[in-house]
**Q** 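My questions will all concern the structure given below.
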2 protein chains.
Amino acid sequence: MTQIAQSIRVAVDIVIFTVQDNALKVILIRMKKKPFTGIWAFPGGLIDSEESLDAASKRELREKTGVRSPYLEQLYAFSDPKRDPNGRVISIAYFALINSGPISSKGTDGGIKLITTTKYSDIGWFDVLKLPKLAYDHKNIAKYALQRLRWKLEYTNIAYSLLPSRFTLSELRRVYEIILDRPLDRRNFQRKILSLKMLRRTPKKQVGRHRPARLYEFKVRKPVIIEGVS
Amino acid sequence: MTQIAQSIRVAVDIVIFTVQDNALKVILIRMKKKPFTGIWAFPGGLIDSEESLDAASKRELREKTGVRSPYLEQLYAFSDPKRDPNGRVISIAYFALINSGPISSKGTDGGIKLITTTKYSDIGWFDVLKLPKLAYDHKNIAKYALQRLRWKLEYTNIAYSLLPSRFTLSELRRVYEIILDRPLDRRNFQRKILSLKMLRRTPKKQVGRHRPARLYEFKVRKPVIIEGVS
DNA sequence: TCAAAAGTGTTCTGGATACACCCATGA
DNA sequence: TCATGGGTGTATCCAGAACACTTTTGA
């Protein structure tokens, strides 16, 4: 291995997903730095010398949202030498899932307060299906992240990280429908999800306008790969 | 983003798979550098300043095997600050698939000549199920690579890169059995693989000791994700 | 003529899909 | 009493798994 120091910097970029106002949303920041002034991008930054990539992305997430224990997963390393006009930067993309409060509440930020820094001129939630023009190769990252999220949803229990501790099956199904962007049959979804044995019925019932729905909770609130998904 | 130069170096490590002598094998090199003198590791090295990770791993593969157009895929970025005792190095793992010649030939290197460099004391093929002690976090890489390969085999056509242009269904099935490490029913495998419509019958037949088998070829010899795999 | 592998079925089962009926609640 | 969503059940279809019989070759 060559001993000459490489002049390569390493960064992480995070696609922070949440389900809010009947849409799948991500956090974008508005850049100040040229040549992307005014353009939106995923939050990110260089990693510290003694920090792993996981730690760096966790830190980045905490700085922007205050959330400390999200679902977090490495996506892909983007490394085109020309991807950053300001020098050689390799970016490792991550995606995170956070629960931003009531699922179909209107016009709420769901308790998550986004934190602006002086490095950016703005920060906000954007519908993944209606993203603005993005800086760098972040359009690729978005595509990749959505693909991975949809894929993971089918064969893991990661949905727990988008929901409060207790929820109805309709709320859970709604999360699936929003992420997969297609309707799911209520009855078939219920049978399928319950057959996976990853939910526990609680004695409680929803309070609401119609017939009260039973509340469920995840047996395990950490990533588990579902067995027996063909 | 901090403008202070990070003292982080970036490397790629490649898990080069082939099917040979009825086993799934990978290339390992024997290290000279302390503290891993004499220990085996996956081939790899620092990337050049103006080189993408894909290009770096392709170069590494070419240097070790002479192979120029393998199947190549990024696996994961390993970034524990303590993973390399000689300094901060982030390694992006790749896996490659190459065809090393006749599938069940005995004691052959299948036409692929492994190239030793002065940086290493030895190079060779190892059965993935019987790996020696590995340097760094390469045991993790091995586990990850095998998992990804098995996964990909089920829902893509990547098997083409392990086979010659024409092959019998038995040879193809053998490749699947070796990689998945379990027997597959001959008749069910045949029906399944033909239903995917990714193979083309050729008029040719195998020469051999028993009833001649029909030879098939892949319609497309580049990565394709198989539709309709549930 | 016989061993070995190739070619071509059939049956069974479980999961996915499509769809129907009745129940509990608030307005 | 009625609109709205909740709870539960049934018929159908298809893919996957288990398994059998016949054919073609070389020795």
**Q** Can you figure out which of C:dA4, D:dT23, C:dA24 approaches the side chain of A:R211 most closely?
**A**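 The answer is C:dA24, which lies nearest to the side chain.
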**Q** Mark yes or no for a side-chain to base donor-acceptor pair under 3.5 Å between B:R209 and D:dT25, with no hydrogen or angle criteria applied.
**A** no
**Q** Rounded to the nearest angstrom, tell me the gap between atom CG in B:D185 and atom C1' in C:dT10.
**A** 13 Å
**Q** Let me know, please, whether A:R187 or B:P212 comes out on the 5' side of the other along DNA chain C by nearest nucleotide.
**A** B:P212
**Q** Is it the case that the side chain of B:H138 and the backbone of B:A41 share a donor-acceptor pair, with hydrogens and angles ignored and the cut-off at 3.5 Å?
**A** no
**Q** Between atom NZ in B:K205 and atom C1' in D:dG26, what is the gap in whole Å?
**A**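 In whole Å, D:dG26 C1' lies 16 Å from B:K205 NZ.
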**Q** Is there a donor-acceptor contact under 3.5 Å from the side chain of A:R191 to the main chain of A:R186?
**A** no
**Q** Between C1' on D:dG6 and CD on A:Q190, what's the gap in Å once rounded to a whole number?
**A** 8 Å
**Q** For B:L215 and C:dG7, what is the distance between atoms CG and C1' respectively, to the nearest whole Å?
**A**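 These atoms are roughly 15 Å apart.
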**Q** In whole angstroms, how far is the C1' atom of C:dT25 from the NE2 atom of A:H210?
**A** 8 Å
**Q** How would you label the contact of B:S170 with the nucleic acid (heavy atoms, under 4.0 Å): base, sugar-phosphate, or nothing?
**A**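 Sugar-phosphate, backbone atoms only, no base.
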**Q** Do B:D13 and B:I92 make a side-chain contact, defined as non-hydrogen atoms from C-beta onward lying under 4.5 Å apart?
**A**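 In short, these two side chains do not touch, never coming nearer than 4.5 Å.
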**Q** Does A:K192 place a side-chain N or O at less than 4.0 Å from the phosphate oxygens OP1/OP2 of C:dG15?
**A**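 It does not, given that no N or O in the side chain of A:K192 lies less than 4.0 Å from OP1 or OP2 of C:dG15.
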**Q** Inspect the surroundings of CZ in B:R150 and state if more than 12 heavy atoms from other residues, nucleotides or ligands are less than 6.0 Å away.
**A** yes
**Q** Send over the distance from B:R173 CZ to C:dA6 C1', rounded to a whole Å.
**A** 10 Å
**Q** Across the strands shown, which category fits A:T168 at heavy-atom distances under 4.0 angstrom: base, sugar-phosphate, nothing?
**A**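 No contact.
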**Q** Report which part of the nucleic acid B:R214 touches: base, sugar-phosphate, or nothing (heavy-atom distance under 4.0 Å, all strands).
**A** sugar-phosphate
**Q** Separation of B:R191 atom CZ from D:dA15 atom P, in whole Å?
**A** 11 Å
**Q** DNA chain D: A:L169 or B:R186, which has the more 5' nearest nucleotide?
**A** A:L169
**Q** Report the residue (A:N188 or B:R182) whose heavy-atom-nearest nucleotide on DNA chain D is the more 5′ of the two.
**A** A:N188
**Q** Between A:R201 (CZ) and D:dG6 (C1'), how many Å, whole number?
**A**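 Going from CZ in A:R201 over to C1' in D:dG6 covers 12 Å.
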**Q** With distance as the sole test, does A:D127 use its side chain to make a donor-acceptor pair with the main-chain N or O of A:A23 at under 3.5 Å?
**A**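 Between the backbone of A:A23 and the side chain of A:D127 there is no qualifying donor-acceptor contact (under 3.5 Å).
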